Amino acid sequence: MDNTSSMPLLSVQNVNKRFGGLQALADVSVSIQQHHIYGLIGPNGAGKTTFFNVITGLYAPDSGSFMLDGQAYQPTAVHRVAKAGIARTFQNIRLFGDMTALENVMVGRHVRTHTGVLGAVLRMPGARREEAEIRKRAMELLDFVGIATYADYRARTLSYGDQRRLEIARALATDPKLLALDEPAAGMNATEKVALRTLLENICKQGKTILLIEHDVKLLMGLCHRVTVLDYGKVIAEGTPTEIQKNAAVIEAYLGTGAH
C-alpha cells in the first residue's frame, strides 16, 4: 500500500526511560506515517512494551518529544491519550469478563461522549439519544470484527480468538487515529491468525494507522509497511520488511537465519 500523506501521524524523538539501573529505552525515535501498519519487533526485554507504555501514558518518559497528527503531544495520562487519539490493546487480554461483548465495546465508546454525569443519571433526552448512538456504533464494530453474533454473550465465555477481536472492537470504539496492538496474535491458532491478518488489513483500508508488536515474525512481515527493531532499548534497524529481513544486525539479534 502506498503512503497517502507526507506528514507522520506519530513522531517520537529521542525517548529515554530508565528503571533504576536499567536503561529500558535509549534515544528511541520512531516515525509512523498515516494509514500505515507499522511493526515493532525485538527479542524479549528489548523495550517494545515499555515503548507502548510510554506513548499510551502508562509510563512517564524521562525525556523525549512527541508529535501526534501535527500537534505536540505529551502522553501524561491514559484517559488523555485516548482522547488525543491513541487506543491500545494488551498482551494479556483485559476485558470486563462479566459484561457482555456489546457492553465492553460501549465502555470504549464512552470516551467520545458529551453527556455529563447528571444528564446520564437523570436519563435526560440528550443522554438517551447518545446512549442509543453508542449502542448502534458498538454493534457496528462487533459486526466489523466478525463477532456480532455474540453481542449478548459475556466476554469471558468467548473463545480466545474472539476475545482478541472484542478487544480490538473496544479499542476502535474510541475512534482512534492510532491503534496500538500488543501481540494480538498471541495464543491464536493458524486459522485465527489468518482472520486477524484480514481484519487488520481492513482496519487499515478504513483509514486507521496501526502500530503492532508481534512475535509471529511471518505474520508481522506480511502485514507491515515498515518495521523498527529494538535491542536492549535501542533502535538497531528501521525499514521495509524486506530490508529488515536482510539486515545482518537484525538477524543476529532477533530473527535468526531461518527467518528468511
Side-chain angles (χ1 to χ4, degrees), residues 1-13 15 28-41 48 51-52 54-57 65-75 80-90 105 108-109 111-112 137-138 140-146 164-185 193-214 216-230 235 237-245:
M1 288 174 279
D2 293 327
N3 180 26
T4 57
S5 172
S6 59
M7 182 182 73
L9 175 67
L10 178 67
S11 178
V12 177
Q13 297 296 320
V15 169
V28 172
S29 296
V30 172
S31 182
I32 302 174
Q33 294 298 127
Q34 299 187 56
H35 316 314
H36 272 195
I37 302 177
Y38 196 98
L40 186 65
I41 66 172
K48 305 182 299 295
F51 180 80
F52 259 45
V54 165
I55 67 168
T56 57
S65 62
F66 306 81
M67 295 285 289
L68 180 63
D69 203 12
Q71 301 293 322
Y73 158 71
Q74 191 62 38
R80 290 176 183 164
V81 167
K83 287 190 174 183
I86 297 180
R88 73 169 290 180
T89 65
F90 292 83
V105 181
R109 188 63 185 166
V111 75
R112 297 297 177 197
R137 180 58 179 155
E140 290 172 350
L141 288 169
L142 288 175
D143 183 59
F144 176 70
V145 302
R164 287 286 185 191
R165 287 172 172 271
L166 178 55
E167 271 204 318
I168 292 172
R170 186 176 63 182
L172 288 172
T174 69
D175 196 21
K177 298 172 182 176
L178 177 69
L179 181 63
L181 305 178
D182 192 351
E183 295 192 39
K193 287 180 180 180
V194 170
L196 175 67
R197 173 172 177 165
T198 300
L199 174 59
L200 298 186
E201 288 173 338
N202 287 338
I203 291 171
C204 188
K205 288 175 184 176
Q206 291 208 346
K208 300 296 183 185
T209 304
I210 298 173
L211 174 60
L212 181 66
I213 294 176
E214 185 50 63
D216 187 324
V217 175
K218 183 178 179 181
L219 174 66
L220 184 139
M221 292 297 181
L223 268 171
C224 293
H225 299 85
R226 297 191 73 81
V227 178
T228 285
V229 186
L230 293 179
V235 175
E238 194 277 338
T240 67
T242 300
E243 291 168 343
I244 293 300
Q245 288 175 304

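Because the structure is predicted, anything quoted here is derived from the model rather than measured.
Of the inter-residue distances, the one linking Leu68 atom CG with Gln71 atom CD reads 9.0 Å to the nearest 0.5 angstrom. For the atom pair CG of Leu220 and CD of Glu183, the computed distance is 10.5 Å after rounding to the nearest 0.5 Å. Between the OG1 atom of Thr89 and the CG atom of Leu166 there is a distance of 11.5 Å, given to the nearest 0.5 Å. Annotation: the span from Ile203 atom CD1 to Thr198 atom OG1 amounts to 11.0 Å, rounded to 0.5 Å. Atom SG of Cys204 and atom CG of Leu199 lie 11.5 Å apart (nearest 0.5 Å). We find the CD1-CG distance between Ile213 and Leu230 to be 8.5 Å, quoted to the nearest 0.5 Å.
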Item to complete: May I have the step-by-step check of side-chain contact (heavy atoms from CB on, under 4.5 Å) for Leu10 and Met67, ending in yes or no?
Response: CA-CA 6 Å; Leu10 178 67; Met67 295 285 289; over 6 Å; no
Fill in: Working for side-chain hydrogen bond (donor to acceptor under 3.5 Å, both in side chains), residues Thr228 and Tyr38
CA-CA 8 Å; Thr228 285; Tyr38 196 98; 2.5 Å; yes
Discussion item. Go through it in stages, so that I can follow the logic: the residues are Ile41 and Val227, the test is side-chain contact (heavy atoms from CB on, under 4.5 Å), and I'd like the CA-CA distance, side-chain angles, deciding distance and then a yes or no.
Written reply: CA-CA 7 Å; Ile41 66 172; Val227 178; 3.9 Å; yes
Practice prompt. Go through the steps to decide whether Leu196 and Ile168 satisfy the test side-chain contact (heavy atoms from CB on, under 4.5 Å), and finish with yes or no.
Written response: CA-CA 10 Å; Leu196 175 67; Ile168 292 172; 3.9 Å; yes
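Of all non-hydrogen atoms in Phe66 and Val54, the two that sit nearest each other are CZ-CG1, 3.8 Å. Between Glu167 and Phe90, the closest heavy-atom pair is OE1-O, 3.9 Å. Considering every non-hydrogen atom in both Leu211 and Leu178, the closest pair reads N-CD1, 3.9 Å. Of all heavy-atom pairs spanning Pro176 and Ala171, the tightest one is CD-O, 3.5 Å. Across all non-hydrogen atoms, the minimal contact from His225 to His36 is ND1-CA, 3.5 Å. Across Asp216 and Leu219, no two heavy atoms sit closer than the pair OD1-N, 3.0 Å.
Residues Ser29 and Val235 form no side-chain contact, since every pair of their non-hydrogen atoms from C-beta on lies 4.5 Å or further apart. Taking 4.5 Å as the limit, every side-chain heavy atom of Val229 sits out of range of all side-chain heavy atoms of Glu238. Looking at heavy atoms from C-beta onward, Cys224 lies in side-chain contact with Ile37 at the 4.5 angstrom threshold.
Put simply, the side chain of Tyr73 gets close to the backbone of Ile55: a donor and an acceptor are under 3.5 Å apart. A side-chain donor-acceptor contact under 3.5 Å links Arg197 to the backbone of Gly222. Panel note: side chain Thr174, backbone Arg170; no donor-acceptor pair is recorded below 3.5 Å. Under a 3.5 Å cut-off, the side chain of Thr209 and the backbone N or O of His35 do form a donor-acceptor pair. Although no hydrogens or angles enter the test, the distance criterion places a donor-acceptor pair under 3.5 Å between the side chain of Glu214 and the main chain of Ala185.
When the salt bridge (charged side-chain N to carboxylate O under 4.0 Å, His left out) test is applied to Asp69, the partners found at least two apart in sequence or on another chain are Lys177. Applying the salt bridge (charged side-chain N to carboxylate O under 4.0 Å, His left out) rule to Arg88 yields the partners Asp182; only residues at least two apart in sequence or on another chain are considered.
For the salt bridge (Lys or Arg N to Asp or Glu O under 4.0 Å) with Asp175, the lone residue among Lys83, Lys208, Arg137 that qualifies is Lys208.
The pair Glu201-Lys205 does not count as a salt bridge, with every side-chain nitrogen at least 4.0 angstrom from each carboxylate oxygen.
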